[in-house]
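Notes for the one structure printed next.
Everything numeric in this text was worked out from a predicted model, so none of it was measured. Both counts, for ligands and for their atoms, begin at 1 and track the order of listing.
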Amino acid sequence: MQASLPSRPGLIARVEPLTLTRAVRGPFDYRLRPEQADVGVGALLRVPFGRRKTLGVVLELATESELAPDRLAEPDAVLPPGVPADLVDLAGWIAREYCSTRARALALVLPPGTAGGVRRKQVLVAELTDAGADALDGDAQLTARQRVALETLRRDGPTVAAALGTPALRRLEGRGLVELHPRAQGRRPASVAIGRRLDRAPALTGDQQKALDAVLVSLAAAGGPAGAGGGGVRNGRGDGGGRFLLHGVTGSGKTEVYLRAVEAALAAGRGAIVLVPEIALTPQTVGRFLARFGDVVAVLHSGLGRGERHDEWLRLRSGEASVCVGPRSAVFAPLADIGLIVVDEEHDASYKHEGDPRYDARTVALRRAEQHDAVVLAGSATPRPESVIALARLRLPSRIDGRALPEVEVLDMRGIHHPLHPRTRMALADVRAAGGKAIVLLNRRGWSNFLSCRGCGHVWMCPNCEVALVLHRAAGQLSCHHCGHRRRAPTRCEACGSVAVARHGAGTESVEQELRDAFGAELPVFRLDSDAAAGKDRLARTLAAFEAARSGVLLGTQMVAKGHDFADVALGVVLDADQTLRFPDFRAEERTFALVTQLAGRVGRGEDGGKVLVQTLAPSAESIVFAARHDSDGFLEQELRRRKALAYPPHGSLIRIVCSAAEAGEALAVATRLHGLIAPTGQTVLGPAPLFRLRGRSRSQLVIKCPDRGAAVRAVGEAVDACAADAARRGVNVSVDVDPQ
Ligand code: ADP
Ligand code: ZN
Ligand code: ZN
């Protein structure tokens, strides 16, 4: 900025205060002091607000205000680095698109640590020790990820720890393989030059090349380096092109296509965002990006400390890093010019944010790509019907190793009163005999589903939620899987005094015991669920231990079917495949198909092929039958037909509104009023329908089924705003979910 202060008299900043109340809507005008003249859109200010101070983001600058200049307050302080202008614009779009407030949407795009005021001046740098070098050359026990980290250190010398994963490096430090020391920021080793190859890219297969070519053509047609850093949508082409769905079976080389596409974006002088479902579950994918691109990769995720996240954010903001790999929030990476956004495993439910705003990172990615004229490349073995319709499909029909997908056998569990089908027992015994590995999936944590009294029928329920409590035997507790309520496991019935307490259904905890009893120490069990893996480190360690083991069973909830790439799994088992089908949800079929298919994708990557067993009470359910045939085209075709008949997405949109309150009557009253406001706008409004009590609050739900999503979002937004004051007075919380999962 030039020091042209006299020519900018009375410059006014329109500021959105970062408050959570729906009732307060900015922007509000503030008069900038002369020394604040370089404040721009996205600047973060501390401003007087009523009798308080609050943080606020500058939405725009103006020279005039409706208020007289002497009635305007001045900001107390400017807090660098602020938010890039395009992200301010994106936040506004998210607020509208998801019926939230601008302040809440802005909170998503703030630099990490803004609220806590973290400002680290030091970064942690990792260096390989002699012992580390020996470990690489010798046959030390190293996971794939640890090996990648050590090899990177050997090739590049000292490297910022956050780029390789600080928690992982801490463990290596504990073994004396690396040294970690803090360094003043800015003394970070020079960025790895673009194009410098850290690992060797394999020659692509014909199918990979064809897919990549389509992306490259689109990249070449796209924007090029950003001109103005303005907020609007650039969309150089305006043809809605440049959106791809890479539909390829697991192991078909999708990640290699992403890597090449990112390389092309970098070569064009642009940046890239790579979204992955969850870092802790996908260390191998992240490791491959780090290994290929080194220091230009920044990793943003919740496993990092706030200071580390802040540092990585700054590296992206400054242009020092130009590839961001991370889970859904990485879609907000502060890159100046984005050429490509990759969405790996695009079917994964973790892309939907469950807080307010309930944004979908996949939808936000499309918008952000429009802003930057970037190409979107989403990929999956089990793409969503929505994506099949909306994106241009590229196909990778076969596994890289040329092996067939494993044979899938459906086992009818009707009439079998044991968690393991006899066929499953035999197959596991075979795995033990051969010294191999198996993955067993059961979507229920704990010991048993629920407890009831044989004497009087009493069922132990959560006092806060209308659901049964789940027994966790090792902890000696009953626990609520919705609100976390815990109590001691009962020894007798509180209603009638009987000591005959029945346990119903099986969870991962009891199946673990079952497997131990049946197969003994020769087939060790590695349990992976959110009980066993409290803390991301535990989770990564369990996966690493299973990988390193010669033989064993990885047992857990659906997280066992995600992302990992174990070379030698001979058997996959789904214990309760129709469990997902029993939810009253239009995505039930899609989820079940994905679960079985994704598990099958983890099996038989080794020499001996493999086998998948699917236990179910619904052996003729279409999702299970199609998954058993590896027929994703067949599944998608009939699923799209079904969705069309029912006007479900992508043939129409859904919006869900949940009103919750301590008093059922208050929640219902607000829901009814919302119904009365929305229905006359021509929308189909279902409800109010009661939902089970959750966390001590009664809930009432409306579902809006709409052919014209934009109009419905507007109608809902206006109705919710109109009710905001009334809802607040009644103690009713209103939550809007556009495109619920
Ligand atoms: P997906 O992402 O579709 O599951 P990956 O990209 O992980 O598949 O590829 C599976 C395996 O094949 C990986 O070990 C990868 O390194 C390897 N691979 C990918 N492309 C090639 C290629 N063109 N030549 C040789 N190996 C490849
Ligand atoms: Zn009883
Ligand atoms: Zn509860």
Side-chain angles (χ1 to χ4, degrees), residues 144 148 199-212 245-262 274 276-277 282-289 291-292 342-347 377-383 394-403 405 450-470 477-487 490-502 561-568 597-598 600-606 692-697 699:
V148 165
D199 75 349
R200 282 227 325 280
L204 295 184
T205 65
D207 288 326
Q208 283 175 319
Q209 189 64 53
K210 233 166 69 191
L212 179 66
L245 172 65
L246 188 56
H247 184 181
V249 296
T250 37
S252 60
K254 294 186 290 297
T255 310
E256 190 56 43
V257 176
Y258 306 149
L259 286 161
R260 295 295 189 91
V262 168
V274 179
V276 294
T282 49
Q284 289 157 332
T285 305
V286 178
R288 284 168 71 183
F289 280 87
R292 188 68 57 88
V342 170
V343 186
D344 187 23
E345 309 286 6
E346 73 91 31
H347 62 277
L377 177 58
S380 175
T382 52
L394 309 169
R395 290 180 184 263
L396 298 178
S398 45
R399 283 183 168 185
I400 286 286
D401 55 20
R403 292 201 180 91
L405 288 161
F450 66 98
L451 299 184
S452 72
C453 170
R454 290 190 202 278
C456 72
H458 173 76
V459 173
W460 276 263
M461 302 285 288
C462 175
N464 310 316
C465 314
E466 281 164 355
V467 298
L469 292 168
V470 176
Q477 285 182 327
L478 297 184
S479 117
C480 171
H481 285 185
H482 290 273
C483 74
H485 169 83
R486 280 167 191 279
R487 51 155 288 172
T491 48
R492 57 173 61 233
C493 173
E494 286 122 37
C496 75
S498 162
V499 291
V501 176
K562 294 192 180 184
H564 335 290
D565 193 358
F566 304 111
D568 44 5
T597 305
Q598 293 290 341
R602 312 292 145 221
V603 173
R605 293 198 175 188
F692 68 83
R693 249 174 106 79
L694 183 67
R695 298 186 182 86
R697 293 173 73 84
R699 300 182 300 157

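Within ligand 1, counting atoms from 1 as listed, the ones closer than 4.0 Å to a heavy atom of Val249 are 3 (O).
Scanning both residues, Ala261 and Leu377, for their nearest heavy atoms gives CB-CD2, 4.2 Å. Across all non-hydrogen atoms, the minimal contact from Cys483 to Cys480 is N-SG, 3.3 Å. In plain terms, the two heavy atoms of Cys453 and Ser498 that are nearest each other are SG-CB, 3.9 Å. Glu346 approaches Leu245 most closely through the heavy-atom pair CG-CD1, 4.1 Å. Scanning all heavy atoms of the two residues, the minimum distance from Arg399 to Gly604 falls at NH1-O, 3.0 Å. The two residues Ala291 and Val148 have their closest heavy-atom pair at CB-CG1, 4.0 Å.
Here Arg399 has no heavy atoms under 4.0 Å from ligand 1, in either its backbone or its side chain. With a 4.0 Å cut-off on non-hydrogen atoms, Pro202 touches ligand 1 through its side chain and not its backbone. Under 4.0 angstrom from ligand 1, there are no non-hydrogen atoms of Leu396.
A salt bridge between Arg292 and Glu256 is present, with a side-chain N of the basic residue lying under 4.0 Å from a carboxylate O of the acidic one.
Around atom 10 (C) of ligand 1, the closest heavy atom drawn from Gly251, Ala201, Ala144 belongs to Gly251. Distances from atom 1 (P) of ligand 1 to the heavy atoms of Glu256, Arg260, Lys254 put Lys254 nearest.
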**OP:** Report the C-alpha separation of Lys254 and Leu396 in whole Å, then their side-chain angles, then the decisive distance to 0.1 Å, and conclude whether the side-chain contact (heavy atoms from CB on, under 4.5 Å) test is met.
**Re:** CA-CA 8 Å; Lys254 294 186 290 297; Leu396 298 178; 3.9 Å; yes
**OP:** Could you give me the CA-CA distance, side-chain angles and deciding distance for Gln598 and Ser380, then say whether side-chain contact (heavy atoms from CB on, under 4.5 Å) is met?
**Re:** CA-CA 10 Å; Gln598 293 290 341; Ser380 175; 4.2 Å; yes
**OP:** Run the numbers on Thr285 and Tyr258 for side-chain contact (heavy atoms from CB on, under 4.5 Å), then give the verdict.
**Re:** CA-CA 10 Å; Thr285 305; Tyr258 306 149; 5.8 Å; no
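Not one N or O of Thr250 is nearer than 3.5 Å to an N or O of ligand 1, by distance alone. Checked against a 3.5 angstrom limit, the closest N/O atoms of Ala203 and ligand 1 fall inside it. Considering backbone and side-chain atoms together, Ile400 places no N or O closer than 3.5 Å to any N or O of ligand 1.
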Could you list the donor-acceptor pairs under 3.5 angstrom formed by side chains in residues 201-210, with sequence neighbours left out?
unit_1: Thr205; atom_1: OG1; unit_2: Gln208; atom_2: N; d: 3.1
unit_1: Thr205; atom_1: OG1; unit_2: Gln208; atom_2: OE1; d: 3.4
unit_1: Gln208; atom_1: OE1; unit_2: Thr205; atom_2: N; d: 2.9
unit_1: Gln208; atom_1: NE2; unit_2: Gly253; atom_2: O; d: 3.0
unit_1: Gln209; atom_1: NE2; unit_2: Asp213; atom_2: OD1; d: 3.0

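Around the Zn ion (ligand 3), the protein atoms of type N, O or S that sit closer than 2.8 Å are Cys462 SG, Cys465 SG, Cys480 SG, Cys483 SG.
We find the SG-CZ distance between Cys465 and Arg695 to be 6.5 Å, quoted to the nearest 0.5 Å.
Of all protein atoms, those of element N, O or S that lie under 2.8 Å from the Zn ion (ligand 2) number 4.
With a 4.5 Å cut-off on side-chain heavy atoms, Thr255 and Phe289 count as touching.
For the ring pair (Phe, Tyr, Trp, His ring centres under 6.0 Å) test, no residue two or more places apart in sequence or in another chain qualifies with His485.
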